[in-house]
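Comments concern the structure below.
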Amino acid sequence: MVKVLCVGDSLGLPRDGVTYENTWFYKIKIKYPNYDFIYKFKRSLTSLDLVGKSKKDYLGDYSLYYRPDVVIVQVGICDCAPRYINDTKPFWMGLKFLFRKLRMEGFFWYIIKKTFKRGANSVYVPFNDFRNNIIGYVDILKSLKAVKHIVFVKIGIPGASPRKSSPNLLNNILRYNKVFDEMQQLYPGFVDVVDPLCVEDDKYYVDGYHTNSIGADLVYSQLSSKLGNYSL
């Protein structure tokens, strides 16, 4: 049986306003009932998770054990989204923990938002690290003889509200997406890219970031076409 490992962040998960049946993962699983689709999504996942540099998970290791034929990857928005602060750093994590213990976390974020701006370089994963992580993950998968194809889902262009509140967001997305194009050029026939959410339109989202059924259909449609063209 063909095995398809699906790795991604919350964009592939159900949430308020998005049922499981409205996710692209469910739709593609129904389309190909004879394929074994392996579900490996995690909220706030970044490219660090792909190469085992996160304490939380080691998705590269999961790939080794599953030995999939195809790997679909949807990652990047959590890497590149501009932040007021990088609250994954020990200093900010400790300060946030202290304010939470004092039941003053709301006040903490009030001060942060009054003091800092969402800078283009204030991100969880800097661009060069993101590129290295994606290359590293491709290398992990390429070393597995079982893996025949990788499909990267490009970071979608968000709705109007996120773009307005974070002016540097769009430029970051376009820059980080170029890494996927580079991978496709470096590994023709092995790495493919789909770009289903390349148009700025709120009708595809429930909150500007997470797709509704219409947006999920776009992702599903392009991924389904890729799978249908593979000889597996």
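The ring pair (Phe, Tyr, Trp, His ring centres under 6.0 Å) check on Tyr220 picks up nothing, with sequence neighbours excluded. Take Ile30 and apply the side-chain contact (heavy atoms from CB on, under 4.5 Å) test, not counting sequence neighbours, and it matches Tyr26. For Phe127, the side-chain contact (heavy atoms from CB on, under 4.5 Å) partners two or more places apart in sequence, or in a different chain, are Arg175, Tyr176, Val179. With sequence neighbours excluded, the residues that form a ring pair (Phe, Tyr, Trp, His ring centres under 6.0 Å) with Tyr32 are Tyr35. Looking at residues two or more places apart in sequence or on another chain, you find no side-chain contact (heavy atoms from CB on, under 4.5 Å) involving Asn171. Contacts of Tyr230 classified as side chain to side chain donor-acceptor pair (under 3.5 Å), with partners at least two apart in sequence or in another chain: Asp192.
To the nearest 0.5 Å, the span separating CD1 on Ile38 from CD1 on Ile72 amounts to 11.0 Å. In this structure, Phe152 CZ and Gln184 CD are separated by 10.5 Å, a value rounded to the nearest 0.5 Å. Here CG of Asn172 is found 11.0 Å from CG of Asn177. Values are rounded to the nearest 0.5 Å. Between atom CG of residue Asp129 and atom OG of residue Ser47 there is a gap of 8.0 Å, rounded to the nearest 0.5 Å. Note that the OG1 atom of Thr46 and the CG atom of Asn133 stand 7.0 Å from one another [nearest 0.5 Å]. One distance of note links CD of Gln185 with CE of Met183; it measures 9.0 Å at 0.5 Å rounding.
One hydrophobic cluster holds both Leu170 and Val125 under the rule that ILVMFWY side chains link at heavy-atom gaps under 4.5 Å. Under the 4.5 Å side-chain heavy-atom criterion for ILVMFWY residues, no single connected hydrophobic cluster contains both Val199 and Tyr205. Cluster annotation: Val206 is not connected to Leu13 through the hydrophobic network of ILVMFWY side chains, with a link wherever side-chain heavy atoms come within less than 4.5 Å. Hydrophobic clustering, with ILVMFWY side chains joined whenever heavy atoms are under 4.5 angstrom apart, keeps Leu223 apart from Val18.
No close placement of the Tyr124 and Phe130 rings is indicated, their centers lying 6.0 Å or farther apart.
Lys142 forms no cation-pi arrangement with Tyr187, by the criterion of a distance under 6.0 Å to the ring centre and an angle within 45° of the ring axis.
Residue Asn22 comes nearest to Ser213 through the heavy atom pair OD1-OG, 3.3 Å, listed as atom of the first residue, atom of the second, then distance. The two residues Ile134 and Phe180 have their closest heavy-atom pair at CD1-CE2, 4.0 Å. Residues Gln74 and Gly12 approach most closely at OE1-N, 3.9 Å, considering heavy atoms. Across all non-hydrogen atoms, the minimal contact from Arg67 to Ala146 is O-CB, 3.7 Å. For the pair Thr23 and Pro14, the tightest heavy-atom approach, listed with the atom from each and the gap, is CG2-N, 3.7 Å. What you find for Asp202 and Ala160 is that their closest heavy atoms are OD1-N, 2.9 Å.
Proximity of Val138 to Ile150: side-chain heavy atoms (C-beta onward) are separated by under 4.5 Å at one or more points. For the pair Val71/Tyr66, no side-chain contact is recorded, criterion being any heavy-atom separation below 4.5 Å from C-beta on. At least one side-chain heavy atom of Leu169 sits under 4.5 Å from a side-chain heavy atom of Ile77. A heavy-atom distance below 4.5 Å is not found between the side chains of Cys78 and Leu45. Between Val194 and Lys154, the closest side-chain pair of non-hydrogen atoms is not below 4.5 Å.
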Exercise for review: Walk me through it: do Lys178 and Leu174 pass the test side-chain contact (heavy atoms from CB on, under 4.5 Å)?
Suggested key: CA-CA 7 Å; Lys178 289 180 180 178; Leu174 296 176; 5.6 Å; no
Practice item. Apply side-chain contact (heavy atoms from CB on, under 4.5 Å) to Val147 and Phe190, showing your working. Key: CA-CA 9 Å; Val147 178; Phe190 183 63; 3.9 Å; yes
Exercise for review: Just do the side-chain contact (heavy atoms from CB on, under 4.5 Å) check on Tyr209 and Asp9 with the steps written out, would you?
Suggested key: CA-CA 12 Å; Tyr209 284 111; Asp9 51 30; over 6 Å; no
Exercise for review: Test Ile157 against Leu197 for side-chain contact (heavy atoms from CB on, under 4.5 Å), laying out the working first.
Suggested key: CA-CA 6 Å; Ile157 305 302; Leu197 299 166; 6.0 Å; no
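Taking the six-membered ring where the residue is Trp, Phe25 and Tyr20 present tilted rings, their angle falling between 30° and 60°.
Between Phe37 and the options Val2, Val4, Val70, a side chain to side chain contact (heavy atoms under 4.5 Å, CB included) holds for only Val4.
In this structure, Lys148 pairs ionically with Asp69, as a charged nitrogen and a carboxylate oxygen lie closer than 4.0 Å.
For the residue pair Tyr137 and Asp49, no side-chain donor N or O sits within less than 3.5 Å of a side-chain acceptor on the partner.
For Arg15, the CZ atom sits in a packed shell: over 12 heavy atoms of surrounding residues, nucleotides or ligands are nearer than 6.0 Å. The neighbour count for Lys31 NZ, taken as heavy atoms of other residues, nucleotides or ligands under 6.0 Å away, does not exceed 12.
Under the 3.5 Å distance criterion, the side-chain polar atoms of Asn212 are matched with a main-chain donor or acceptor of Lys203. A distance-only check finds no donor-acceptor pair linking the side chain of Ser221 to the backbone of Asp217 [under 3.5 Å]. Of the possible polar contacts, one joining the His149 side chain to the Gly189 backbone as a donor-acceptor pair under 3.5 Å is found. Between the side chain of Thr211 and the main chain of Tyr204, no donor-acceptor pair closer than 3.5 Å is present.
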